[in-house]
There are 2 protein chains.
Amino acid sequence: MTATAFVPGHVTAFFSVHRTGDPETTGSRGAGLALSDGVRTTVEPSARTTVHLNGREVDMPPVERVLDALEATASVRIETPLPIGSGFGVSGGATLGAALAADATFDGGHSDNELIHAAHVAEVESDTGLGDVVAQARGGIPIRLEPGGPDAGRLDGLPARPRIEYVAFGELSTESVIAGDVERLSAAGERALSTLRTGPTLPRLFAAARTFAREADLLTPRVETAIQAVGDAGGEAAMAMLGETVIALGDGLTAAGYDPAVCRVDPRGGTLLPEDGSISF
Amino acid sequence: MTATAFVPGHVTAFFSVHRTGDPETTGSRGAGLALSDGVRTTVEPSARTTVHLNGREVDMPPVERVLDALEATASVRIETPLPIGSGFGVSGGATLGAALAADATFDGGHSDNELIHAAHVAEVESDTGLGDVVAQARGGIPIRLEPGGPDAGRLDGLPARPRIEYVAFGELSTESVIAGDVERLSAAGERALSTLRTGPTLPRLFAAARTFAREADLLTPRVETAIQAVGDAGGEAAMAMLGETVIALGDGLTAAGYDPAVCRVDPRGGTLLPEDGSISF
């Protein structure tokens with residue numbers, strides 16, 4: 001018996017880091033976009049745990065951790081069109097997807113919050129993410145008002161469901177940024193969140209994200225050039241945290257002469273798929 | 001300019017009533033299922049507010065209330081395949097859908113939680129619902145752990161996404177039940193929630209719902225007969241609150257000889273639809 005989950009991708013527009021001694025209350029505040037380009041994870045019971053990403057065997061510590069937490073050993077197959085290590089939440093998506101699919105496969109009887117908690121904790125303990133899992137579990141355009149897992153955290157969102165374009169120029173390591181000195185970054189993230197909360201609209205989200213990337217000193221030349229080009233063409237673009245990646249509303253990158261991937265804001269949170277594996281409901 | 005929202009239907013398996021002086025903290029605890037058969041609501045600005053349900057002009061006080069709260073006057077067109085007044089959350093779905101679509105139409109800049117709050121308050125003040133809106137905003141199989149709107153309430157859920165069958169025999173008035181003496185009903189609802197929380201699985205949800213309907217004295221002969229017939233055929237069925245309605249897992253009603261409508265548990269919460277109006281993302 002196997003089970004498959006779909007979890008949307010997630011790009012973070014801005015964030016602040018909040019660490020406590022407890023992984024459930026450790027997390028991030030911020031905002032981002034859940035994407036219809038996501039991660040499909042299939043779990044099949046097996047004598048030992050193996051993880052394949054787009055057909056290649058890989059080490060994914062948070063996926064292995066979440067299976068351990070659920071006392072499952074399984075063959076995990078992850079398929080995604082998203083660039084890896086580029087700020088799309090592939091790690092969080094695979095971890096939450098593995099939790100959902102493992103629970104269904106092993107008839108575990110966990111609630112949504114228990115599975116989201118397990119995936120959040122696995123990401124925090126692996127230093128691979130702080131806020132992707134709760135945002136990906138929610139879907140839409142999540143605003144993380146309070147940090148942490150499903151019991152400690154608090155979420156809101158923007159109701160818009162726009163078309164999204166993206167270009168990934170290269171990788172940035174989440175671990176190297178969020179494990180380092182994040183005081184300045186977090187201060188910028190808190191300011192961005194305050195700005196967004198004074199008027200929760202898409203243009204304000206993108207403007208706050210651009211200010212955050214500059215203040216947190218995360219821009220690279222290619223990212224800065226692309227954001228500028230989209231703005232010059234009358235569009236809205238921002239950097240995705242943490243990757244050398246630019247996202248734009250509507251046809252912003254196309255209008256600026258780039259050749260982007262295209263998806264939408266996804267309204268679903270991470271979810272088991274019907275047994276026939278179809279992605280539509 | 002118009003905007004359209006889709007909100008899943010919602011059948012309540014069991015509930016308890018919690019009233020305070022404040023509509024945000026007034027609500028219900030309980031559990032239910034969000035359904036892929038739902039409510040599609042289109043809002044178009046207009047000099048005065050009118051509401052059409054499946055093509056016929058109707059009075060829907062919570063829809064009118066939520067537009068008032070958003071300071072909007074509009075023509076509202078509601079389309080649904082769901083039976084009206086039969087426990088499917090058409091009222092909550094139309095109210096939340098009107099809030100989402102009105103915000104998009106009038107460029108209102110409200111967050112998700114603000115719109116869910118406005119819809120929840122409109123339902124509570126109209127005596128048309130206590131927990132549908134927050135459940136429909138979430139999607140899936142929502143468990144309402146704490147009553148109230150998005151700021152006061154707390155939700156969990158079951159991760160399963162089964163096929164659902166339903167038969168509606170007739171109407172029951174939500175208003176006449178939840179405005180009356182609900183002490184016995186609420187005590188039964190609290191016991192059902194405790195039972196579900198000891199092991200959050202679909203069979204336990206349905207068993208708790210059956211016990212609740214009996215203890216709250218809401219069963220009608222036709223509902224009781226159908227639930228019994230599905231059980232005798234090896235399936236899981238329960239009454240939907242508040243309607244003379246039976247829901248079953250998988251092909252439970254078909255196997256028992258009924259001719260049910262068929263849908264799925266819907267993973268989405270209520271959401272704006274893309275501008276081309278397509279329901280798939």
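Residue numbers start from 1 in every chain, and the chains themselves are labelled A, B, ... in the order their sequence lines are given, proteins ahead of strands. Remember, it's a predicted structure, so these values are computed and weren't measured experimentally.
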For residues 194-211 of chain B, which side-chain N or O atoms pair as donor and acceptor with protein atoms under 3.5 Å away, sequence neighbours left out?
residue	atom	partner	partner atom	Å
B:S194	OG	B:E190	O	3.2
B:T195	OG1	B:R191	O	3.0
B:T198	OG1	B:T195	O	2.6
B:T198	OG1	B:R204	NH1	2.7
B:T201	OG1	B:R204	N	3.3
B:R204	NE	B:G199	O	3.4
B:R210	NH1	B:E236	OE1	2.9
B:R210	NH1	B:A237	O	3.0
B:R210	NH2	B:E236	OE1	3.3
B:T211	OG1	B:A207	O	3.1

#### Entry: Pairwise distance CD1(A:I143) to CG(B:N113) - rounded to 0.5 angstrom
8.0 Å

### Task
Counting only heavy atoms closer than 4.5 Å, note whether A:R163 contacts chain B via side chain, backbone, both or neither.
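Contact with chain B involves no heavy atom of A:R163 at all.
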
### Message
Give the interface residues of residues 151-158 of chain A toward chain B, defined by a heavy-atom separation under 4.5 Å.
### Response
A:D151, A:R154, A:L155, A:D156, A:G157, A:L158

### Query
Applying a criterion of heavy atom separation less than 4.5 Å, what residues of residues 97-106 of chain B form contacts with chain A?
B:L100, B:D103

### For chain A, which residues of residues 22-33 of chain B have heavy atoms nearer than 4.5 angstrom
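From residues 22-33 of chain B, none sit under 4.5 Å of chain A.
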
### Message
Please find the pair of heavy atoms, one from B:R161 and one from A:L272, that lie closest to each other, and give the distance.
### Response
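Answer, listing the atom of B:R161 first, then A:L272: CG-O, 3.5 Å.
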
### Query
Do you know which two heavy atoms are closest between B:L115 and A:P159, and how far apart they sit?
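Nearest pair, atom of B:L115 first, then A:P159: CD1-CG, 3.8 Å.
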
### Message
Quick check on B:A160 against chain A: is it the side chain, the backbone, both or neither that has a heavy atom closer than 4.5 Å?
### Response
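Backbone only.
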
